Amino acid sequence: MPNVYQLIYLSRLAEAVSPACVAEIVRAARQRNLAFHINSLLVFDGWRFCQTLEGEYAAVCTLADRIRRDERHTGFRVLHGAESTVENLFGRSSLDYALSYEDGLNCLEAAHGQETLVLLSGLLPGLDREPARLDQ
């Protein structure tokens, strides 16, 4: 099985931006990620984003740089980035979307490296995840 590159970041919704923009982010990201063979999980808690990106190293890094420059985000910070033999660790499609309630993303604020994988895995059962998409 080929290695995939996994990157997890945390960012905040820019102050002047409405949370309503998330629907457009999800729509556009699904199309773009599908074209570049990237699987992803985007978690939003009303003001913070945590996203996993999994795919070929160059494609994931290019996308992460694009997201970092997106003016709808601030405070973009990579929590984890590494090669893995485990595919689709968090995302089941080009972009899965989930809501986190009750400050669930707080535990990731100080996370780094492998700890991020453990903490995010622990959050999965409590996320309000949309049904699986079959767009791969």
Side-chain angles (χ1 to χ4, degrees):
M1 177 182 324
N3 286 355
V4 297
Y5 189 72
Q6 297 172 331
L7 185 138
I8 302 172
Y9 75 85
L10 192 66
S11 68
R12 289 178 179 74
L13 186 65
E15 204 170 294
V17 177
S18 166
C21 78
V22 176
E24 175 55 25
I25 290 171
V26 170
R27 186 199 63 74
R30 282 188 172 138
Q31 293 173 4
R32 188 177 309 106
N33 291 358
L34 187 60
F36 291 99
H37 308 288
I38 292 174
N39 279 4
S40 178
L41 169 65
L42 176 65
V43 181
F44 183 62
D45 70 358
W47 65 286
R48 285 178 295 200
F49 297 96
C50 177
Q51 187 170 12
T52 67
L53 305 171
E54 300 174 328
E56 193 270 327
Y57 177 81
V60 167
C61 291
T62 298
L63 178 57
D65 285 341
R66 179 185 179 121
I67 293 168
R68 182 188 320 266
R69 292 187 311 270
D70 188 325
E71 293 180 358
R72 296 172 292 190
H73 296 262
T74 64
F76 181 97
R77 185 169 46 96
V78 173
L79 304 177
H80 173 75
E83 280 195 358
S84 176
T85 57
V86 180
E87 290 188 77
N88 305 333
L89 184 60
F90 297 106
R92 303 168 294 201
S93 68
S94 65
L95 188 120
D96 291 351
Y97 178 65
L99 293 172
S100 176
Y101 304 109
E102 300 179 15
D103 298 323
L105 296 180
N106 283 353
C107 67
L108 296 176
E109 284 288 343
H112 186 70
Q114 292 291 335
E115 175 190 26
T116 304
L117 299 175
V118 173
L119 293 171
L120 188 54
S121 293
L123 289 177
L124 291 179
L127 296 177
D128 184 359
R129 260 179 120 156
E130 67 182 4
R133 293 179 48 88
L134 301 174
D135 63 356
Q136 296 189 41

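For the single chain, residues carry numbers from 1 onward in sequence order. Computed from a predicted structure; not experimentally measured. Below, all heavy atoms of this structure are taken into account, side chains as well, without hydrogens, waters or symmetry copies.
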Check: Is any side-chain heavy atom of I67 closer than 4.5 Å to a side-chain heavy atom of L53?
Finding: yes

Item checked: Test ring-ring contact (aromatic ring centres under 6.0 Å, His included) applied to Y101 - qualifying residues, sequence neighbours left out -> none

Next item on the list: Return yes when atom CD of E83 has more than 12 non-hydrogen atoms of other residues, nucleotides or ligands closer than 6.0 Å, and no otherwise.
Entry: yes

Notebook entry, point to check: Any chain of hydrophobic side-chain contacts (each under 4.5 Å) joining Y5 to V78?
Noted result: yes

Check: Are L95 and I25 close enough that some pair of their side-chain heavy atoms sits under 4.5 Å apart?
Finding: no

Next item on the list: List the atom of L41, the atom of A98, and the distance in Å for their closest heavy-atom pair.
Entry: CD1-CB, 4.2 Å

Item checked: Value rounded to 0.5 Å, distance of CD in Q6 from CG in L117 -> 6.5 Å

Check: Any link between V60 and Y57 through a network of hydrophobic side chains (Ile, Leu, Val, Met, Phe, Trp, Tyr) touching at under 4.5 Å?
Finding: yes

Next item on the list: Take R48 and N106 through the test side chain to side chain contact (heavy atoms under 4.5 Å, CB included) and record every step on the way to the result.
Entry: CA-CA 9 Å; R48 285 178 295 200; N106 283 353; 2.8 Å; yes

Item checked: For F76 against A64, the heavy-atom pair lying closest together -> CZ-O, 3.8 Å

Check: Does L124 reach the side chain of R129, with side-chain heavy atoms less than 4.5 Å apart?
Finding: yes

Next item on the list: Quick one: which residue pairs count as a side-chain hydrogen bond (donor to acceptor under 3.5 Å, both in side chains) with a foot in residues 60-70, not counting sequence neighbours?
Entry: D70-R72

Margin query: Filter on salt bridge (charged side-chain N to carboxylate O under 4.0 Å, His left out), then keep only pairs touching residues 3-14, sequence neighbours left out; what's left?
Written below: R12-E109

Item checked: Point-to-point distance, once rounded to the nearest 0.5 Å, from CG of D96 to CG of N33 -> 10.5 Å

Check: Should the ring pair H73 and F49 be called parallel, tilted or perpendicular, given that the plane angle runs from 0 to 90° and is split at 30 and 60?
Finding: tilted

Next item on the list: Heavy atoms only: give me the nearest G46-P19 pair and the separation to one decimal.
Entry: O-CG, 4.1 Å

Margin query: Under the salt bridge (charged side-chain N to carboxylate O under 4.0 Å, His left out) definition, can you give me all pairs with a residue in residues 17-29, not counting sequence neighbours?
Written below: E24-R27

Notebook entry, point to check: Measuring from Q51:CD to L10:CG, what's the distance to the nearest 0.5 Å?
Noted result: 11.5 Å

Check: Which atom names give the shortest non-hydrogen contact between L13 and T74, and what distance separates them?
Finding: O-OG1, 4.4 Å

Note to self: Measuring only between side-chain heavy atoms, which start at C-beta, is V43 closer than 4.5 Å to L123?
What the structure shows: no

Next item on the list: Kindly compute the distance separating CG (L34) from OG (S93), expressed to the nearest 0.5 Å.
Entry: 9.0 Å

Next item on the list: Name all pairs fulfilling the ring-ring contact (aromatic ring centres under 6.0 Å, His included) condition that reach into residues 13-42, sequence neighbours left out, sorted by first residue then second.
Entry: none

Check: Looking only at heavy atoms, what is the nearest atom pair of C50 and L105, with distance?
Finding: CB-CD2, 4.0 Å

Item checked: side-chain hydrogen bond (donor to acceptor under 3.5 Å, both in side chains) partners of residues 112-127, not counting sequence neighbours, each pair once -> none

Note to self: Can you tell me how far apart OG (S40) and OH (Y97) are? Round to the nearest 0.5 Å.
What the structure shows: 12.5 Å

Margin query: Using 0.5 Å steps for rounding, measure from the CD1 atom of I38 to the CZ atom of R32.
Written below: 9.5 Å

